[in-house]
Amino acid sequence: MNTVIVYYSHSNNTRTAAELLGSNLNVKVVELKEVKKGNVIQALLRRCSKLQDDPWKEIEEAKLVYLMYPIWAGHSVPAMNAFVSSPKAKFQGKEVIIVTFMASPEESSSSKAQDHISNFVRKSGGVVRSTYAIQGGSMNVFIGDEKIKERMDKVRWDEL
Ligand SMILES: Cc1cc2nc3c(=O)[nH]c(=O)nc-3n(C[C@H](O)[C@H](O)[C@H](O)COP(=O)(O)O)c2cc1C
């Protein structure tokens, strides 16, 4: 299956996990880069930041897309909001797996932020196959390669 991983990361936890998953699955990994860095107020208000380049082109051929991003103030990050809400985001015929990272060990802390992104995927015709919430670091803390690997290994990936 043609799979692409799309991620946003501020302090490297999600980046490390995305790159690890990408090398395990041997698939393309695409980082969402912003023109100007998004902030927590935008996250709270469910706003978008402006993205560099054309990340949407990278998923054109994909059948399965992983969306990986951290939780900010209980919400999804502005870069991922921008990615899924753009008219260029065409999820028709694609399945999506959402993986969030957060400081909290409580999976439910990610629900709102996962639902928000899931709704955009469904609106543009995609199917959300599954969602996972993984504990990353405290605010601005990178927990290190080993801990990320441990936490990724612990996840029961239904689809791998
Ligand atoms: C501005 C900001 C707000 C955050 N808000 C939350 C929050 O509401 N709940 C939570 O569990 N973690 C929160 N965190 C922690 C991040 O979700 C966590 O550090 C995550 O691992 C960051 O991933 P990253 O290293 O890929 O950026 C916040 C972090 C930042 C920078």
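Indexing begins at 1, ligand by ligand and atom by atom, following the structure's order. Please read these numbers as outputs of a predicted model, since none were measured by experiment.
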Pick from Val30, Val77, Ile117, Leu32: which one makes a side-chain contact (heavy atoms from CB on, under 4.5 Å) with Phe83? Leu32
For a quick check: using heavy atoms under 4.0 Å, what are the residues in contact with ligand 1, sorted by chain and number? Ser9, His10, Ser11, Asn12, Asn13, Thr14, Val40, Pro70, Ile71, Trp72, Ala73, Gly74, Phe101, Met102, Ala103, Ser104, Gly136, Gly137, Ser138, Met139, Asn140
Would you name the heavy atoms of Ser104 and Ser109 that are closest together and state the gap between them? OG-OG, 3.0 Å
So, Asn2 side chain and Glu61 main chain: donor-acceptor pair closer than 3.5 Å or not? yes
According to side chain to side chain contact (heavy atoms under 4.5 Å, CB included), who are the partners of Gln135, at least two apart in sequence or on a separate chain? Pro105, Arg151
Please list all pairs meeting salt bridge (charged side-chain N to carboxylate O under 4.0 Å, His left out) that have one or both residues in residues 27-49, counting only residues at least two apart or in different chains. Arg15-Glu31, Lys28-Glu58
Please enumerate all residues that pass ring-ring contact (aromatic ring centres under 6.0 Å, His included) together with Phe120, with sequence neighbours excluded. His116
